[in-house]
Each structure stands twice: as C-alpha cells, then as structure tokens.
Amino acid sequence: LRGTPMSSTARAREVSAQLAVRSEEVRRLTEELRAEKRTAAGSLESVVQMRTKINELERRLVRQEEEASEKLRSLERELTQDFERTNGGLKLKIAELTFRLSNS
C-alpha cells in the first residue's frame, strides 16, 4: 500500500489531525509564555521594590552617618573645652602654689 495515492478526504483528515496537534502545541506554548511573562513581570516588580528599599536604606545610612559625625564633632568640642578649663585651672593652681612657695 506504500506509494498508493491518498484520497483527498484521507489527506484532509490527516492534515486536519496535524493542524489539531499543532494548534494544541501553540495553545500550550502560548500559556507557557503567558506564565513566563507573569513570572518575569513579578520578578521585575520585586527587583524594583528591592531597589527602592535599598535606596531608602542607603539614604537612612547616610543620614545616620551624618548625625554620628555631628555628635562626634560636638563631643570633641566638649572634651576640648573641658580640657582647656581643667588645664587653665591647673595652671592657676600651679601659679598660686609657686607664689606661696616663693613668699614663704
């Protein structure tokens, strides 16, 4: 039977069956593609949200660093003033004691 020409009806049925298989493949692939697009869109949204969160954290970190630097500068000023007051007080005591010793 090989090589026997197919009737046009049989050929039409075969082509129709092939088209049905191809159509089902296209439908399945289209659904897969839609699912991948949804996943990719969700992933992109997640990336955007993560980037936004990272940016906010970076801004907060910069603010905290600036505040910490200002606190350190303020503490340094206070310590310098305390040292100068203490040093000035000690110099005054030394001068007073030296004066007493020289007058006795």
Side-chain angles (χ1 to χ4, degrees):
L1 293 175
R2 223 164 176 214
T4 310
M6 235 187 244
S7 72
S8 55
T9 305
R11 180 75 182 135
R13 272 191 234 129
E14 182 182 305
V15 169
S16 179
Q18 288 175 355
L19 284 174
V21 168
R22 302 269 182 197
S23 178
E24 179 57 28
E25 284 179 27
V26 167
R27 189 200 62 72
R28 184 181 54 77
L29 289 172
T30 301
E31 279 305 311
E32 284 181 31
L33 181 59
R34 284 185 184 137
E36 288 296 324
K37 282 182 178 179
R38 283 190 298 272
T39 300
S43 296
L44 179 59
E45 186 177 328
S46 293
V47 167
V48 169
Q49 289 173 351
M50 295 271 275
R51 189 68 233 164
T52 301
K53 184 71 174 172
I54 289 169
N55 288 342
E56 175 58 28
L57 290 172
E58 286 174 342
R59 283 191 294 276
R60 284 185 9 206
L61 179 60
V62 167
R63 273 195 308 268
Q64 289 176 355
E65 287 174 344
E66 289 169 351
E67 289 171 6
S69 290
E70 180 53 38
K71 285 179 183 177
L72 282 173
R73 285 190 294 273
S74 175
L75 183 57
E76 184 179 17
R77 284 190 299 271
E78 286 178 36
L79 288 172
T80 300
Q81 289 169 356
D82 287 350
F83 174 77
E84 288 171 353
R85 275 193 297 271
T86 302
N87 194 29
L90 287 175
K91 285 181 180 177
L92 189 60
K93 277 285 188 197
I94 291 170
E96 184 183 319
L97 289 173
T98 303
F99 178 76
R100 283 186 189 174
L101 283 174
S102 67
N103 285 336
S104 44

Colleague: May I ask you to decide if E70's main-chain N or O and S74's side chain share a donor-acceptor pair within less than 3.5 Å?
Modeller: no
Colleague: Would you tell me whether N55 and R51 have side-chain atoms, one donor and one acceptor, within less than 3.5 Å of each other?
Modeller: yes
Colleague: In sequence, state the C-alpha distance, the side-chain angles, and the governing distance for E66 and R63, and then conclude on salt bridge (Lys or Arg N to Asp or Glu O under 4.0 Å).
Modeller: CA-CA 5 Å; E66 289 169 351; R63 273 195 308 268; over 6 Å; no
Colleague: So, taking the atom named NZ in K37 and the one named OG1 in T30, what distance separates them when rounded to the nearest 0.5 Å?
Modeller: 9.0 Å
Colleague: Starting at OG of S43, measure out to CE of M50 and round the result to the nearest 0.5 Å.
Modeller: 11.0 Å
Colleague: When Ile, Leu, Val, Met, Phe, Trp and Tyr are grouped by side-chain heavy atoms lying under 4.5 Å apart, directly or through other members, which residues fall in the same group as L19?
Modeller: V15
Colleague: Going by side-chain hydrogen bond (donor to acceptor under 3.5 Å, both in side chains), name the residues that satisfy it together with E25, two or more places apart in sequence or in a different chain.
Modeller: none
Colleague: Quick check for you: to the nearest 0.5 Å, what is the distance between R27 atom CZ and E32 atom CD?
Modeller: 10.0 Å
Colleague: To the nearest 0.5 Å, what is the distance between CG (L90) and CG (L97)?
Modeller: 10.5 Å
Colleague: Does R73 CZ have over 12 foreign heavy atoms under 6.0 Å away?
Modeller: yes
Colleague: Quick one: does E56's side chain get under 4.5 Å of R59's, heavy atoms only?
Modeller: yes
Colleague: Could you tell me whether the side chain of T52 reaches within less than 4.5 Å of the side chain of Q49, counting heavy atoms only?
Modeller: no
Colleague: Below 4.5 Å, heavy atoms only, C-beta onward: do L57 and L61 meet side chain to side chain?
Modeller: no
Colleague: Run the numbers on E84 and N87 for side chain to side chain contact (heavy atoms under 4.5 Å, CB included), then give the verdict.
Modeller: CA-CA 5 Å; E84 288 171 353; N87 194 29; 5.6 Å; no
Colleague: Hey, are R100 and E96 close enough for a salt bridge, meaning a charged N less than 4.0 Å from a carboxylate O?
Modeller: yes
Colleague: Is L72 isolated, or which residues cluster with it under the ILVMFWY side-chain rule of less than 4.5 Å, directly or via members?
Modeller: none
Colleague: To the nearest 0.5 Å, what is the distance between CG (L44) and OG1 (T39)?
Modeller: 12.5 Å
Colleague: If I take atom CG from residue D82 and atom CG from residue L75, how far apart are they, to the nearest 0.5 angstrom?
Modeller: 9.5 Å
